[in-house]
Amino acid sequence: MSDTIIDEVMISKAIIQTYHEILMDSLDLDVAIVGGGPAGLMAAYYLASLGRKTALFERKLSIGGGIWGGGIGYNVVVVQDEGRRLMEEIGLEVKEFAPGYFTADSIQFVAALIRAAGQAGARIFNLSTVEDVMVKEGRVCGVVLNHSAIEVAGLHVDPISIRAKYVIDATGHPMEILHKVQQKTDIPLATPTGKLVGERSMNAPLGEASVPKNTIEIAPGLYVVGMAANAAMGAFRMGPIFGGMLLSGRKAAREINERLG
Ligand code: 48H
């Protein structure tokens, strides 16, 4: 035991000051990612690795989105060969189940993604709900953030704003950010109809193949990744196979990095 006398207020100061320093330094970003599932976390890992100032905002207490429960709560995920390579890149143990099918522990998968993104320099904020976007001259240029506890309690408390050169909607099936843009702006979306089309039923091969293809700058300044990308375009769901989500996050990160110059 050290000789330091534990002081309760010093513990409070350590938390408040450290958090505020990180938050203050995150008010002007290269990229704001909304949603901490596989696609958002992979985008955060790649963007931070490429030296981009990146923050990820997740509504829930736990980061990881739909990874935790694998399929029907059995905590195993499946990937194909390309996904396996990305998993191994972040230090995850992957096992071959059958030719072309690989499995990993879903809990370790979440841990590996969070660690990779954090160590690369991405800031990860949990309990942070993005309730709106900031739009100027037809371009999405930031996110509007509230504390999730305020949202859950339904309190009338105003949010704060964070500027970002690019925003990524990684909110999964509900595509929350795209809905805000559709409801509140005149910006047409780069979908077949100019509007959100909506997700189609299960077709794993087509669904998986289309996730990276549907990962695009869907409105100026706004990328869509992961399940939200398929839902926006009217593409199929694919069930608990996660390679497409990882490839989607990496694709968006690489494209944004190029566009930032
Ligand atoms: C802050 C928010 C907000 C908000 C939502 O659902 P996710 O895991 O998303 P993806 O696209 O990375 O992965 C999809 C995958 O998990 C999945 O569902 C698959 C493969 N389904 C196939 C099938 O057939 O069903 O993560 C999204 C995250 C969640 O953690 C939300 O809490 C969070 O985004 N989120 N965070 N502000 N407004 N909206």
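For ligands, and for the atoms within them, numbers begin at 1 and follow the listed sequence.
Of all atoms in ligand 1, numbered sequentially from 1 with element shown, those under 4.0 Å from a heavy atom of Gly66 are 7 (P), 8 (O), 16 (O). Taking every heavy atom of Val34 and a limit of under 4.0 angstrom, the matching atoms of ligand 1 come to 1 (C), 4 (C), 37 (N). Those atoms of ligand 1 with a heavy atom of Arg237 less than 4.0 angstrom away are 23 (C), 24 (O), 25 (O). Ligand-side atoms of ligand 1 in range of Glu176: 3 (C), 4 (C), 5 (C), 38 (N), 39 (N), range being under 4.0 angstrom from any heavy atom. If you number the atoms of ligand 1 from 1 as listed, the ones under 4.0 Å from a heavy atom of Phe57 come out as 1 (C), 36 (N). Using a 4.0 Å cut-off to heavy atoms of Gly36, the atoms of ligand 1 that qualify are 28 (C), 34 (O). Atoms of ligand 1 found under 4.0 Å from any heavy atom of Met238 (numbered from 1 in listed order, with element): 20 (C), 22 (C), 24 (O). Numbered from 1 in the order shown, with element, the atoms of ligand 1 that lie under 4.0 Å from a heavy atom of Ala39 read 12 (O).
Leu189 is not connected to Tyr223 by any chain of hydrophobic side-chain contacts under 4.5 Å among Ile, Leu, Val, Met, Phe, Trp and Tyr, and they are in different clusters. Placement of Val143 and Ile124 in two distinct hydrophobic clusters is found when ILVMFWY residues are connected by side-chain heavy-atom separations under 4.5 Å, directly or transitively. Residues Val225 and Val140 are members of separate hydrophobic clusters, defined by side-chain heavy-atom contacts under 4.5 angstrom among Ile, Leu, Val, Met, Phe, Trp and Tyr. Both Met42 and Phe102 belong to a single network of hydrophobic side chains, linked directly or stepwise wherever heavy atoms of I, L, V, M, F, W or Y lie under 4.5 Å apart.
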Could you go through the side-chain contact (heavy atoms from CB on, under 4.5 Å) check for Glu96 and Tyr101 one step at a time? CA-CA 6 Å; Glu96 188 168 18; Tyr101 294 80; over 6 Å; no

Check the pair Arg84, Glu88 against salt bridge (charged side-chain N to carboxylate O under 4.0 Å, His left out), reporting the backbone distance first and the verdict last. CA-CA 6 Å; Arg84 172 187 67 93; Glu88 286 175 348; 3.2 Å; yes

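Closest protein heavy atom to atom 9 (O) of ligand 1: Gly172 CA, 3.4 Å. When hydrogens are left out, the protein atom nearest atom 11 (O) of ligand 1 is Met227 N, 2.9 Å; that is the closest non-hydrogen contact. Ranking protein heavy atoms by distance to atom 15 (C) of ligand 1, first place goes to Phe242 CE2, 4.0 Å. Of the protein's heavy atoms, His173 NE2, 3.3 Å lies nearest to atom 21 (N) of ligand 1. Protein heavy atom at the shortest distance from atom 5 (C) of ligand 1 is Thr171 CB, 3.5 Å. When hydrogens are left out, the protein atom nearest atom 31 (C) of ligand 1 is Glu58 OE2, 3.5 Å; that is the closest non-hydrogen contact. For atom 36 (N) of ligand 1, the nearest non-hydrogen atom of the protein is Arg59 N, 3.0 Å. Among all non-hydrogen protein atoms, the one lying nearest atom 10 (P) of ligand 1 is Pro38 CD, 3.9 Å.
For Thr129, no nitrogen or oxygen atom sits less than 3.5 Å from a nitrogen or oxygen atom of ligand 1, counting backbone and side chain alike. Residue Val130 has at least one nitrogen or oxygen atom sitting less than 3.5 Å from a nitrogen or oxygen atom of ligand 1, judged on distance alone. Considering both main-chain and side-chain atoms, Gly64 never comes within under 3.5 Å of ligand 1 through any nitrogen or oxygen pair. At under 3.5 Å, not a single nitrogen or oxygen of Ile241, backbone or side chain, sits near a nitrogen or oxygen of ligand 1. Taking only nitrogen or oxygen atoms, main chain and side chain alike, Ala228 does not reach within less than 3.5 Å of ligand 1. The shortest N or O to N or O distance between Met202 and ligand 1 is not below 3.5 Å.
Inter-residue side-chain proximity for Arg259 and Glu217 is flagged as met; some heavy-atom pair is nearer than 4.5 Å.
No salt bridge links Arg254 with Glu258; every basic N to acidic carboxylate O contact stays at or beyond 4.0 Å. A salt bridge links Lys53 to Asp25: at least one charged side-chain nitrogen sits closer than 4.0 Å to a carboxylate oxygen. A salt bridge links Arg59 with Glu151; the closest basic N to acidic carboxylate O contact falls under 4.0 Å. Ion pairing between a basic and an acidic side chain is recognised when a charged N comes within 4.0 Å of a carboxylate O; Asp7 and Lys13 show no such pairing. Lys165 has a carboxylate O that lies under 4.0 Å from a charged side-chain N of Asp30, or vice versa, which qualifies the two as a salt bridge.
In this structure, Pro174 does not count as a contact residue of ligand 1, since none of its heavy atoms falls inside 4.0 Å of the ligand.
The backbone of Ala170, and not its side chain, has at least one atom closer than 4.0 Å to an atom of ligand 1 (non-hydrogen atoms only; backbone = N, CA, C, O). Counting heavy atoms closer than 4.0 Å to ligand 1, residue Met245 contributes side-chain atoms (C-beta onward) but none from N, CA, C or O.
Atoms CD1 and CD1, from Ile162 and Ile160 in turn, are 5.0 Å apart once rounded to the nearest 0.5 Å.
Listed for the Gln182 side chain is a donor-acceptor partner under 3.5 Å among the backbone atoms of Leu196.
With Thr215 as the partner, the side-chain contact (heavy atoms from CB on, under 4.5 Å) test is satisfied by one option alone out of Glu255, Met245, Lys251, Met233: Lys251.
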